[in-house]
A.B. asks: 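Shown below is the structure under consideration.
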Amino acid sequence: MELHIRQALLKAAPELFGCEITENLIQFQQTRKDVEGDLTLVVFPFVKLLRCSPQAAGDKLKTWIEANVPGVSHCIVINGFLNIVLTDAYWLEQLSQMQAQPHYGFAQADSKPTVMVEYASPNTNKPLHLGHLRNIFLGAAVAEILQAVGHKVVRTQVINDRGIHICKSMLAWEKFSPVNARGERETPANTGLKGDKLVGKYYVEFDRALQIEAKEIMAQWQSGNFSDTPEAIQEAVLNFEQAKQDKDEKAQAAIDDKIKELAKNQTAILQEAKHMLVRWEARDPQVYLLWTTMNGWVYAGFDQTYAQMGVTFDKLYYESDTFLLGKDQVMEGLKDGVFYQKTDGSVWIDLTAEGLDEKLVLRSDGTAVYMTQDIGTAIDRFKDYPDLHGMVYTVGNEQDYHFKVLFLILQKLGYTWANNCFHLSYGMVDLPSGKMKSREGTVVDADDLMAEVIEKANAMTQERGHLEGLSEAERQALYTQIGIGGLKYYLLKVDPKKRMLFNPEESIDLTGNTGPFLQYAHARISTLLEKAAYQPSAIGATTALRPEEKEIIKQLSYFESALQEAAKGYSPALLANYTYELVKLYNTFYQSVKIVIEPDEAVRQLRLALSAEVRQTIAKALALLGIAAPARM
RNA sequence: GGUCUCGUAGUUCAACGGAUAGAAUAAGCGUUUCCUAAACGUUUGAUCCAGGUUCGAUUCCUGGCGAGACCA
C-alpha cells in the first residue's frame, strides 16, 4: 500500500504540487496506537513545497488520496500527520493473501548470494559459558534470518585448538591426573565427566599450580633473593618496586600485577608448557597424540552442548590448520606496497590516513600474529566457496578495532568482497554481581545453565501445564523446548550491540516479555484450532472488522518488513520485538471475543483464519530465533 | 594518553529525526457458568548535563560527566 501511494504521488506530483518531487519527501510511518488510522504520511516535508500551513497541506493530500487511491476509506489530518484509514475489504484481502502463501514474508530460497556466518569459535581448553551462549544464539539466529530473506548460508565456526592454552591443560593432565588401578589416567570414559569439563578441570589445575609457584618466586624476590633470575627481570622488578613509592593505590596494584606476571613467566611449569608448544609445532608424535586425544574429548563434549542448544554447523575451521596462513599474502602485499617493512624485519600497515594507527601484520622473526591468520583465513574461505559473496563474523565487541583493521587490509589487498564482510559485534553479558571472571569462579557454565532452565521449566509445567496424554519422553522434550526457548529469547531480545545484564532469576521467567509467553500463545492457538477442526477456506467479507481484528491483520502484514529489518540490521532482537507485539495484540483479542464458540459462522471462520495466521507467524518467527513452538504446554 | 561503544521509569529492555517517550518487572485492585488465567484489564514512575543543527532531537553534531572495551 505504501508503495502504491508513493508511486501514485510521484506520478501526480506535477498536477498536485505544480512540480516534480523527490521520493524522500514521502515519508510513511506506522500510525500511533491511540489515534485512528492504519498508515501515516508525514505532512511536514510538503509544507515548504506548498508554502502553506501543515493543516492546509494535509487537507490537500487528504482530498487527493481519498479520491485517487483504491483501498483507502478516508483520511484524518492531525498535527501535521495524515492518517490514512484503509477499508476493511483491503485488510481482508491482505489476510487472504497471507493465507494463500504459507511462506508469506520469506524470499525465494537461494535468490541471494551465499553468505558465510561464523559463530561460537570456542577454545578447546575450557567448557562453553554464558558469553558463548549469546554468541551462538545470535549467530545461529542471524544465519536463519539471512536464509529467510533469500541468502544461501554457510554456518561455520573456527575452533581455537592450538596454542599455549591447550598445552596448559595437556601438561596439567600429564602431571596431576591420578592413575587408577588399571594404570589409566582420567578420561571422560572412566570418570563419566564430559570431555570439555575434564579438560577444563586440568586447565584450572594448571593455573593453581602456576599461582603457587609464582607466589614462591615473588616471596623470594621480596626477600632479595634473585638467584636463577635473569638480570633484566631482576632489574625490572626492582624498578617497579621503586616506582611503587609515593604512588596511588591503583598504580601500585598495576605494578603488583606486572611483577606477578614476571614471576609467572619464571615458573618452571609455564616454561614446561611453552616447551610443549614448541614440541607441538615440531609435530612431536607424543605431544601430538596427547593433543588429538584431549581435543577429541572436548569436541565430544561440545557436540553434546550444541545438540542441547539446537545449533549446527556446515563447515568447521581449525586454527591448527589455519595458523600459518596469511604469511604469503602479507609478503605479496609487501611487494605491492600495501605493507611496509621496518628495519627489524617486521611488517606493518600504515592506517593513519584512515584515522587508525599502524598495525603489525608479521613479527620480525617472521611469525604470524592474529591479524596475519585472519587475513589468510578469510582469503582461504573464498577459495573453499567460490560463490561466496560475504561473511558475517559473530565476535564480541572487544574485537571491534581488530575487525575494522582486518576489513580495511583486505580491501587494500584488492579483495572487493571485503566490502561484504560484517563484524556482528555484540556486547558483553554481565551478571548482577558484575563481570564474569574465570579467576573468581563467577563464570556461568553453559551446560549448567541449560540444565537449570530446563529444570525450572519442568517444575512450572508440572504445576500449570496441560500435559494429559503426553508420554514421559514427550514431556521431557517439552521441558527442554520451554527452558531453552526461554533462555534463547532472553538473550536475543536485547539489541546485540548492547551490553546486557543476565539476571538468573529473570532468565527463567515465564511471564511478560519472555519466550514461554510466545510459546504459550502458540500452544493455545494450536489447541484452539484443533478443537474447532479448522479448515482454511475463502474469507468472506460479510461483517465489519473489529478494531482488535484489524490491529492483528495490520501487525501480521508487517512481518515481512520486520524480517527485512532484522536481516539488514543483523538483529534478531527486531524480530523478537515484532513477535512480542503480535502476541500481545492477539491475547487482547482472544480475551475479548469468542472464537470457536462464536455463533455467526462467517465471523467464526474469519477469527479462526486470523488465529491460524497468527499461529503460523509466531511459529515462523520463533523458528528464525531458534526457538521451538510446542503445540501444547 | 589515543580510538571506539554505551548512558531512557527503582530494575531489565523498546522507540527509520516525528504526534502525549512504549513494554516488562515489582506492588495494589479486578476478570474463569465461555475456546489453555504461562492470559487479560486497571492504577504509579524515566530521556546524564550544557550548547548547536532542524518545522520537530532519546535519536544527528560539539563540549563535559559517568560506565565499558581496545590500542600502546
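Residue numbering restarts at 1 for every chain, and letters A, B, ... go by the order of the sequence lines.
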A.B. asks: Should the pair A:Arg546-A:Glu549 be classified as a salt bridge under the 4.0 Å nitrogen-to-oxygen rule?
C.D. replies: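 No salt bridge links A:Arg546 with A:Glu549.
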A.B. asks: Distance to the ring centre below 6.0 angstrom and angle to the axis at most 45 degrees; does that hold for A:Arg524 and A:Tyr590?
C.D. replies: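 Positive - A:Arg524 is close enough to the ring of A:Tyr590 and near enough to its axis.
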A.B. asks: From C-beta outward on A:Asp495, which listed nucleotide comes closest to its side chain: B:U25, B:A69, B:A14?
C.D. replies: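 Among B:U25, B:A69, B:A14, the one nearest the side chain of A:Asp495 is B:A14.
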A.B. asks: Just compare B:C13, B:C4, B:U36 and give me whichever is closest to any side-chain atom of A:Asp400.
C.D. replies: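 That would be B:C4.
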A.B. asks: Could you tell me which nucleotide pairs with B:U59 by Watson-Crick or G-U wobble geometry, both distances under 3.5 Å, or answer none if nothing does?
C.D. replies: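 Across any shown strand, B:U59 pairs with none.
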A.B. asks: Using the C1' atom as the reference point in each nucleotide, state the distance between B:C6 and B:U59 in Å, no decimals.
C.D. replies: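 About 14 Å, rounded to a whole number of Å.
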A.B. asks: Over all strands shown, is A:Arg499 touching base, sugar-phosphate only, or nothing at heavy-atom distances under 4.0 angstrom?
C.D. replies: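 Here A:Arg499 touches the backbone only, sparing every base.
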A.B. asks: Check A:Asp344 with A:Lys342, please: is the shortest side-chain N to carboxylate O separation under 4.0 Å?
C.D. replies: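 A salt bridge is absent here (no side-chain N lies under 4.0 Å from a carboxylate O).
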A.B. asks: Looking at B:C70, I'd like to know if its phosphate oxygens (OP1 or OP2) sit under 4.0 Å from a side-chain N or O belonging to A:Tyr401.
C.D. replies: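 No, because none of the side-chain N or O atoms of A:Tyr401 sits under 4.0 Å from OP1 or OP2 of B:C70.
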A.B. asks: Which whole number of Å gives the distance between the C1' atom of B:A14 and that of B:A24?
C.D. replies: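 The answer is 10 Å between these two C1' atoms.
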A.B. asks: Counting just side-chain N and O atoms, does A:Asn503 come under 4.0 Å of either OP1 or OP2 of B:U12?
C.D. replies: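 No, A:Asn503 has no side-chain N/O under 4.0 Å of OP1/OP2 on B:U12.
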A.B. asks: Determine the interatomic distance between P on B:U8 and the same-named atom on B:C49; round to the nearest Å.
C.D. replies: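 Comparing P positions in B:U8 and B:C49 gives a spacing of 11 Å.
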A.B. asks: Does B:A19 have a Watson-Crick or wobble mate here (both distances under 3.5 Å), and if so which one?
C.D. replies: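 Answer to the pairing question: none, since B:A19 forms no Watson-Crick or G-U pair.
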A.B. asks: Which part of the nucleic acid does A:Thr514 contact within heavy-atom distance under 4.0 Å: base, sugar-phosphate only, or nothing?
C.D. replies: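 Touches nothing.
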A.B. asks: Using a 5.5 Å cut-off between ring centres and planes within 30 degrees, is A:Phe44 stacked on the base of B:G18?
C.D. replies: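 Yes; centroid distance and tilt both under limits.
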A.B. asks: Between B:U47 and B:G66, how far apart are the C1' atoms? Round to whole Å, please.
C.D. replies: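 To the nearest whole Å, 16 Å.
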A.B. asks: Nearest-nucleotide wise, let me know which of A:Leu478 and A:Ile595 is further upstream toward the 5' end of RNA chain B.
C.D. replies: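 Result of the comparison: A:Ile595.
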A.B. asks: Please give, in whole Å, the distance from B:U5 C1' to A:His423 NE2?
C.D. replies: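 About 12 Å, once rounded to whole Å.
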A.B. asks: How far does the P atom of B:A57 sit from the matching atom of B:A50, given to the nearest Å?
C.D. replies: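 The answer is 15 Å between these two P atoms.
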A.B. asks: Can you check the distance between B:C60 and B:C4, where both ends of the measurement are the P atom (answer in whole Å)?
C.D. replies: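 Going atom to atom, P in each nucleotide, I get 14 Å.
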A.B. asks: Choosing from B:A39, B:A69, B:C16, which nucleotide comes nearest the side chain of A:Gln27?
C.D. replies: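 For A:Gln27, the side-chain atoms sit closest to B:C16.
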A.B. asks: I want to verify a distance call: between B:C40, B:G18, B:C35, whose nearest atom is closest to the A:Val42 side chain?
C.D. replies: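 Taking heavy atoms from C-beta onward, the closest nucleotide is B:G18.
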A.B. asks: Starting at the 5' end of RNA chain B and moving along, which residue's nearest nucleotide shows up first, A:Tyr580 or A:Thr40?
C.D. replies: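 Of the two residues, A:Thr40 wins.
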A.B. asks: Tell which nucleotide pairs with B:U53, taking only Watson-Crick or G-U wobble pairs whose two distances are both under 3.5 angstrom.
C.D. replies: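 Per the H-bond distance test, none.
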A.B. asks: With distance as the sole criterion, do the side chain of A:Asn83 and the base of B:A19 form a donor-acceptor contact below 3.5 Å?
C.D. replies: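 Between B:A19 and A:Asn83, which were checked side chain against base, a qualifying N/O pair under 3.5 Å is present.
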A.B. asks: Considering just the side-chain nitrogens and oxygens of A:Lys531, establish if one lies under 4.0 Å of OP1 or OP2 belonging to B:U36.
C.D. replies: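 Yes, such a contact exists.
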A.B. asks: Which part of the nucleic acid does A:Lys33 contact within heavy-atom distance under 4.0 Å: base, sugar-phosphate only, or nothing?
C.D. replies: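 Touches nothing.
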A.B. asks: Where the side chain of A:Lys498 is concerned, which of B:A19, B:A37, B:A14 is the nearest nucleotide?
C.D. replies: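 Between B:A19, B:A37, B:A14, the one nearest the side chain of A:Lys498 would be B:A14.
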A.B. asks: Could you verify whether a donor N or O on one side chain and an acceptor N or O on the other, from A:Asp400 and A:Ser425, lie under 3.5 Å apart?
C.D. replies: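 Checked: A:Asp400/A:Ser425 side chains pair up, N/O donor to acceptor below 3.5 Å.
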A.B. asks: Between B:U5 and B:U44, how far apart are the P atoms? Round to whole Å, please.
C.D. replies: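 Per the computed distance, 39 Å lies between those P atoms.
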A.B. asks: Between B:G7 and B:C61, how far is it from one P atom to the other, in whole Å?
C.D. replies: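 That atom pair is separated by 13 Å.
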A.B. asks: Grab the CG-C1' distance between A:Leu574 and B:C13 for me, whole Å please.
C.D. replies: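 Rounding to the nearest Å, CG of A:Leu574 and C1' of B:C13 are 13 Å apart.
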A.B. asks: Please confirm whether the shortest side-chain N or O distance from A:Arg32 to OP1 or OP2 of B:A21 is below 4.0 Å.
C.D. replies: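 No, because none of the side-chain N or O atoms of A:Arg32 sits under 4.0 Å from OP1 or OP2 of B:A21.
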A.B. asks: Does any nucleotide pair with B:A67 by Watson-Crick or G-U wobble geometry, both distances under 3.5 Å, and what is it?
C.D. replies: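 Across all strands, the one nucleotide that pairs with B:A67 is B:U5.
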A.B. asks: Let me know the distance between CG of A:Asp357 and C1' of B:C70, rounded to the nearest Å.
C.D. replies: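 For the pair A:Asp357 CG and B:C70 C1', the rounded distance is 10 Å.
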A.B. asks: OP1 or OP2 of B:C35 less than 4.0 angstrom from a side-chain nitrogen or oxygen of A:Thr527, does that happen here?
C.D. replies: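 Answer is no, no contact under 4.0 Å.
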A.B. asks: Expressed as a whole number of angstroms, how long is the span from A:Arg607:CZ to B:C34:P?
C.D. replies: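 One finds 19 Å between P of B:C34 and CZ of A:Arg607, rounded.
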A.B. asks: Starting from C1' on B:G18, measure out to CD on A:Gln29 and report it in whole angstrom.
C.D. replies: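 One finds 5 Å between C1' of B:G18 and CD of A:Gln29, rounded.
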A.B. asks: Nearest to the side chain of A:Ile597, heavy atoms from C-beta on, is which of B:G18, B:U36, B:C34?
C.D. replies: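 The closest nucleotide is B:C34.
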A.B. asks: Please work out if A:Ala521 contacts a base, only the sugar-phosphate, or nothing of the nucleic acid, heavy-atom cut-off 4.0 Å.
C.D. replies: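 No contact.
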A.B. asks: Flag the pair A:Lys62 and A:Glu66 as a salt bridge only when some basic side-chain nitrogen lies within less than 4.0 angstrom of an acidic carboxylate oxygen.
C.D. replies: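 Salt bridge flag = yes for A:Glu66 with A:Lys62.
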A.B. asks: Can you tell which of B:A38, B:A37, B:A69 lies closest to the side chain of A:Ile482?
C.D. replies: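 Output: B:A38.
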A.B. asks: Find the partner of B:A39: check Watson-Crick (N1-N3 plus N6-O4 or O6-N4) and G-U wobble (N1-O2, O6-N3) distances, both under 3.5 Å, and reply none if neither fits.
C.D. replies: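 Pair assignment: B:A39 / B:U31.
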A.B. asks: Tell me which nucleotide among B:A38, B:A14, B:U36 gets nearest to the side chain of A:Arg464.
C.D. replies: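 Output: B:A38.
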A.B. asks: Could you tell me if A:Ser537 and A:Gln605 have a donor-acceptor pair between their side chains, going purely by distance under 3.5 Å?
C.D. replies: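 The criterion, which ignores hydrogens and geometry beyond distance, is satisfied for A:Ser537 and A:Gln605.
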A.B. asks: I need the single residue from A:Lys498, A:Arg499, A:Lys435 that forms a salt bridge (Lys or Arg N to Asp or Glu O under 4.0 Å) with A:Asp430. Which is it?
C.D. replies: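 One option only clears the test, and that one is A:Arg499.
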A.B. asks: Categorize A:Val43 for me: base, sugar-phosphate, or nothing, with a 4.0 angstrom heavy-atom threshold over every strand shown.
C.D. replies: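 Nothing, no nucleic acid heavy atom in range.
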A.B. asks: Suppose we define a pair by two distances each less than 3.5 Å, Watson-Crick or G-U wobble; what does B:U47 pair with here?
C.D. replies: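 Answer to the pairing question: none, since B:U47 forms no Watson-Crick or G-U pair.
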A.B. asks: Does A:Met500 reach a base, just sugar-phosphate, or nothing at all? Heavy atoms under 4.0 Å.
C.D. replies: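 Counting heavy atoms under 4.0 Å across all strands, the contact made by A:Met500 is with sugar-phosphate only.
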A.B. asks: Taking only Lys NZ, Arg NE, NH1 and NH2, and the carboxylate oxygens of Asp or Glu, determine whether A:Asp365 and A:Arg363 approach each other closer than 4.0 Å.
C.D. replies: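 Between A:Arg363 and A:Asp365 there is no salt bridge, as every charged N stays at least 4.0 Å from the carboxylate O atoms.
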A.B. asks: Answer with base, sugar-phosphate or nothing: what part of the nucleic acid does A:Phe81 contact at a heavy-atom distance below 4.0 Å?
C.D. replies: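 Base contact - A:Phe81 has a heavy atom under 4.0 Å of at least one base atom.
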A.B. asks: Taking the chi torsion of B:U32, is it syn (within 90° of 0) or anti (everything else)?
C.D. replies: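 B:U32: syn glycosidic orientation.
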A.B. asks: Side chain of A:Thr588: nearest nucleotide among B:C4, B:A39, B:C40?
C.D. replies: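 Per side-chain heavy atoms of A:Thr588, the pick is B:C40.
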A.B. asks: Output the single nucleotide from B:A14, B:A39, B:C34 whose closest atom is nearest the side chain of A:Val494.
C.D. replies: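 Nearest nucleotide to the side chain: B:A14.
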A.B. asks: Thinking salt bridges, do A:Glu551 and A:Lys554 make one under a 4.0 Å N-O criterion?
C.D. replies: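 Yes, A:Glu551 and A:Lys554 are salt-bridged.
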